[in-house]
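From a predicted model like this one, the values you see are computed outputs, not experimental measurements.
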Amino acid sequence: MDDLTYSLFDLELQDELNKLSKAIRYSHSVLRKLTEMVPIHYEELTVITLYRKLIENVDGIFVLADNGLESPSTTVVRAAYEVFLQIEFMFKEDKEINRKALSYYSTWLYEEVTFINKQLKNKELIMPKEVLLNKLQKNNKLLNTEFKIFKDEILRSKKKLNIKYPPKWYSLYDGPKSLNELSKETTLKEAHFVLYNGMSAEAHGLKSTTTLTNFSEHLYLAPIRTTNISLMPIDLGRTFITSTTLKIVQKYLPNKYEEFKQFVLTLFEK
């Protein structure tokens, strides 16, 4: 590449990073609005925490890409993608959001109970025994009262799937049994295989030899940080965050919908 090509690419990269940064900042403002809702039920609590996790991951993509760390940014895209798929599935049908959100929360409670029971069998505990027992008591109380029907469904699903560990929340009520099946229930079903396989290979360290640039006489490795970073992680992060924010706004903050539409238009300005 000549100097002009390099400078043009740098400008495009910076422009895309700026747009991602704007999307992240806007999502933060939406998240703050969500925390001000009164009352906040378990359904909203689940959605809010999932949305926060997505923002956190996408923010990670921005920080890594802004510092020229392409491989780690791709790994974080994978984490963001998994959260995005779950939110997409949860919001697929409005009438099922409540059940799916409570399935998520109850499965989390059950997983904590399973983990604590295993911990209590160890000689060395990760935290004081009293803290673990208190948490165990609170979770069991919820699972045996407010979340009793979901606990029963968890046990039914475990038996049906013939597994000893807690099932994924989305597999309850005969839902998808794997991330691959989950993707088929979302808007990214066509892209899942290419997206997830590539990102998983990067996350599992199966692409390390792609950093070799010459191995004939001398060993040349690609630099750890680069200005020639792919725009793919940045574009995906922006897609995840804007698509999810749209769903959140439409469901919980309809009065901000027009404002959000105007904001999205700014992301496509040249």
Side-chain angles (χ1 to χ4, degrees), residues 27 43 45-61 64 70-94 96-115 150-151 153-207 230 232-248:
S27 67
E43 173 205 322
L45 185 62
T46 298
V47 171
I48 289 170
T49 53
L50 266 175
Y51 185 46
R52 183 207 165 278
K53 175 57 68 176
L54 180 65
I55 296 171
E56 181 180 38
N57 285 333
V58 174
D59 204 8
I61 295 170
L64 291 166
E70 183 171 9
S71 175
S73 69
T74 303
T75 302
V76 180
V77 170
R78 179 177 180 261
Y81 176 64
E82 290 191 20
V83 178
F84 176 72
L85 283 182
Q86 293 182 72
I87 296 174
E88 279 268 294
F89 179 64
M90 193 174 287
F91 276 75
K92 186 179 179 182
E93 294 182 49
D94 189 72
E96 292 190 351
I97 293 176
N98 185 66
R99 177 181 64 78
K100 289 177 179 178
L102 294 180
S103 292
Y104 181 102
Y105 196 87
S106 58
T107 303
W108 170 69
L109 290 173
Y110 189 86
E111 286 176 344
E112 278 207 328
V113 166
T114 303
F115 175 76
F150 293 98
K151 178 185 176 182
E153 176 57 24
I154 290 170
L155 296 175
R156 186 195 73 84
S157 296
K158 278 183 68 176
K159 184 176 181 180
K160 181 180 179 180
L161 296 172
N162 193 28
I163 55 176
K164 295 181 179 180
Y165 49 87
K168 300 296 183 185
W169 72 267
Y170 48 77
S171 68
L172 301 188
Y173 298 97
D174 301 316
K177 301 179 184 65
S178 65
L179 202 67
N180 182 50
E181 287 189 17
L182 180 64
S183 71
K184 295 176 182 178
E185 302 286 337
T186 71
T187 56
L188 288 178
K189 56 185 176 183
E190 302 298 332
H192 175 76
F193 181 79
V194 174
L195 272 177
Y196 197 69
N197 276 20
M199 292 186 292
S200 294
E202 189 69 65
H204 295 148
L206 301 177
K207 289 189 173 184
S230 168
M232 184 270 288
I234 301 168
D235 291 341
L236 283 174
R238 190 176 66 194
T239 298
F240 295 159
I241 205 73
T242 53
S243 177
T244 301
T245 300
L246 171 61
K247 291 178 174 61
I248 296 288

*Over all heavy atoms of both residues, which pair between Leu64 and Val76 is shortest? Give the atoms and the distance, please.*
CD1-CG2, 3.5 Å
*asked:* Could you measure the distance from the CD atom of Glu111 to the OG atom of Ser106? Nearest 0.5 Å is fine.
replied: 9.5 Å
*asked:* Going by salt bridge (charged side-chain N to carboxylate O under 4.0 Å, His left out), name the residues that satisfy it together with Lys53, two or more places apart in sequence or in a different chain.
replied: Glu56
*Polar side-chain atom of Glu70 near backbone of Ser230 as donor-acceptor pair, under 3.5 Å*: yes
*Atom of Lys92, atom of Glu185 and distance for their closest heavy-atom approach*: NZ-OE1, 2.6 Å
*Donor-acceptor contact below 3.5 Å, side chain Thr244 vs main chain Ile241*: no
*Which pair of heavy atoms, one from Ile61 and one from Ala80, lies closest together, and at what distance?*
CD1-CB, 4.3 Å
*Side-chain contact test, heavy atoms from C-beta onward, threshold under 4.5 Å: evaluate it for Ile248 versus Phe91 and give yes or no.*
yes
_Once rounded to the nearest 0.5 Å, what's the spacing between atom CG of Asn98 and atom CE of Met90?_
10.5 Å
*Taking side chain as C-beta onward, heavy atoms only, is Lys184 less than 4.5 Å from His192?*
no
Would you mind writing out the side-chain donor-acceptor pairs for residues 160-173 within the sub-3.5 Å range, not counting sequence neighbours?
from	atom 1	to	atom 2	distance (Å)
Lys160	NZ	Asp174	OD1	2.5
Trp169	NE1	Gln86	OE1	2.6
Ser171	OG	Lys168	O	2.7

*Check step by step if side chain to side chain contact (heavy atoms under 4.5 Å, CB included) holds for Tyr81 and Ser183.*
CA-CA 10 Å; Tyr81 176 64; Ser183 71; 4.3 Å; yes
*Just do the side chain to side chain contact (heavy atoms under 4.5 Å, CB included) check on Thr46 and Leu102 with the steps written out, would you?*
CA-CA 8 Å; Thr46 298; Leu102 294 180; 5.7 Å; no
_Nearest-0.5 Å distance, CD1 of residue Ile97 to CD of residue Glu43_ = 6.5 Å
_Using modelled atom types and a 3.5 Å cut-off, is there a donor and acceptor pairing between side-chain atoms of Thr245 and backbone atoms of Thr242?_
no
*Can you tell me how far the CZ atom of Arg52 sits from the CG atom of Leu54, to the nearest 0.5 Å?*
11.0 Å
*CD-NZ distance between Glu93 and Lys100, expressed to the nearest 0.5 angstrom*: 6.0 Å
*Going from CG on Leu50 to OH on Tyr105, what distance comes out if it is rounded to the nearest 0.5 angstrom?*
12.5 Å
*Apply ring pair (Phe, Tyr, Trp, His ring centres under 6.0 Å) to Phe84 and list each qualifying residue two or more places apart in sequence or on a separate chain.*
Phe240
